[in-house]
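Inspection log for the structure reproduced underneath, given as structure tokens.
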Amino acid sequence: MESMSATMLLSDLAPELIFSIFACCDISSVVSVGQTCRYLHTLAFDKSVWLGLLNNLRRKLILDHCTHDLEALSTDEMIGAVRRLLTGPQTWSPQNLDSYSAPQVTKRITLHPFGTGPGVLEWGHRAKLLPSGRYVLLNNSGTLECWNLGDDRVVWRYTTTIEHAEVYQFAAEERDIESTIMIVICVRAYPRNARRLYYVEIVSVDIQNGTRNCLLTARAPESEDHFLSEPVISGNFAAVIIDSGQTQHMIINWAAQSYFIVDGHPDTPSRIAFIPQHFILMNRSLDEKDQIHLISNDALSTYWVPITTRDDAKFSPIFAENIPKRSTFEDSHAEQTFADMHVHESPLREGDYRLWIHGSNRAAKGGLFSCTLSIPSNGEPQWFQRSRDGGYTVFSAAFSAPPKPARVKMPLFRGDYFGLAAYSGVLTYSTRSSIVLQYYK
Amino acid sequence: MVLLVTSDNEQFQTEKDIVERSVLIKNMLEDVGESDQPIPLPNVSSSVLKKVTQPSTGPTEIDVRGRYLSTASTTVESPSRPPILEQSQDETRKRTTDISEWDQKFITVDQEMLFEIILAANYLDIKSLLCRRWLQDGSQHDQGARPPEEIRKLFNIVNDFTPEEEAQIKKENEWAEDR
């Protein structure tokens, strides 16, 4: 340290030291440093740096494990993989919206959980690809199954302990690669001589061997006849829609065994996603504008009530309009209606989140567009709507190519019949005989 | 408490959980077990160690740098405002003007110390210190990464690109600024 002087330059530091700085930076910082001088440009675009950055994305479950063999990629190809995370598959966004062309399918994986039969599209068998890209969870006639993509094999099965009941919807979050997943499960019970009952279960499962631990079983209050749907889970939180109008969410903090119910616009489906310290609510306002709100968890602290198993439990919903919002996004042209939403951490920056919104507007009909929510550690949150590609990916095109040999027409309607891995663009759907995963160029 | 001895032979009594941010010291402590033996740090001077071990809260002058020492997972701190300014009475003024003033001061006064801290952080193996904070949060607009111009200033980097090269590189990397 005695040789230290004020004239020392960053370029005097050993490459190894600069590499270890890059290893703990996000992608936008590395790219920024790479633009300062020749020496740092060479280092910032070294293959080892990008291998580290992409492995970080894999650890965060933003980049799936099956699409690329990272070691075999050049730096340019790795940068291409990151850019694809931002734009979706290349063939989803044709240069010219008028010259409509079907997206190119590069790979198709078929799993065979149902024996043989005609490949007719089957809504009942919901299947979801986990973000790491290695496993598919699916509802196989009331039993939750975990399938390994690599070898078309079931890894474990989950049956609810509730009597005369079956699993019918679910959502899962991978805690870390190759270990625990948290699952929120909607269960439908048919008690003898009684009305149907709906339950929500939160279970942690060891992905490798299926060892499970049930963390919570709850009923939504006054929901005997109400179909629970669209569950989501992240961290200590889960949410499930508890009414047929798709406007009331039961939000659960399973770690604290508490919940509250939020009530949205009466005629439109609302959606919820959880990010650290916040939740994101997609909802239509009373003056008929489709909006996405960022709500701080701190603003919810007075709403929580303990979960009860009593049948006569009463509840007072919190109206979405009345929850204090930290920030609100509205489409600048206000022509869009939002139908579904998926949120994940930005691959480029810490504190940024990418929102993929399945909606529709007059120009593109059904479409998927993305925007970025930036939550700086000080300062106001900001929303950035992608404008370079018109904001819209011609997502409907993804459904125009019927998978063969099944004569299946994919729905253009809502995003709830199939699983779409937002950042990798892998389409997962079920037929009566198989689960199909379709990868796009 | 752990006793550390720096290259200039100064002794520091330091809280265990603070020094354990350093993977190097953590490993050393595990090797020696519970003991009162001082831990020698022949590559770290006392002035740098003060900054490295200073807790990130507490109104002392060292906080100007100390705020960088908190771990990456802390999300509620205000990275571009030195905690010392949190004490100031005029909240509004602080938000609007002091940020850039302070950034400027930091850039000119602390460059030497910046390199020392980088080297010390590398030696002590404190990942959160490895200047990611300067790169990621230091921008005056608090929006994403620092632009290249600011990084050059902060680290005394000479721009050796030709204007054409610079324009080309800027164009190639525009995607990473996209939101």
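Chain A is the first sequence line, chain B the second, and so forth, proteins listed ahead of strands; every chain is numbered from 1.
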_Portion of A:F45 that has a non-hydrogen atom of chain B nearer than 4.5 angstrom_ =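 Only the side chain of A:F45 comes within 4.5 Å of chain B.
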_Taking side chain as everything from C-beta outward and backbone as N, CA, C, O, which of these in B:E149 sits under 4.5 Å from a heavy atom of chain A? Side chain, backbone, both or neither._
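Interface part for B:E149: neither.
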*Lys/Arg-Asp/Glu bridge criterion (N-O < 4.0 Å) met for B:K171, B:E165*: no
*When only pairs under 4.5 Å are counted, which of A:T36, A:V31, A:V30, A:I27 shares the most heavy-atom pairs with chain B?*
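Looking at each of A:T36, A:V31, A:V30, A:I27 in turn, A:T36 comes out on top.
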*Should A:H344 and A:K60 count as side-chain neighbours, where that means a heavy-atom distance under 4.5 Å?*
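Sidechains of A:K60 and A:H344: no contact.
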*Polar side-chain atom of B:E177 near backbone of B:E174 as donor-acceptor pair, under 3.5 Å*: no
*Run the salt bridge (Lys or Arg N to Asp or Glu O under 4.0 Å) check on B:E150 and B:R152 step by step: do they pass?*
CA-CA 5 Å; B:E150 259 186 59; B:R152 284 193 199 114; over 6 Å; no
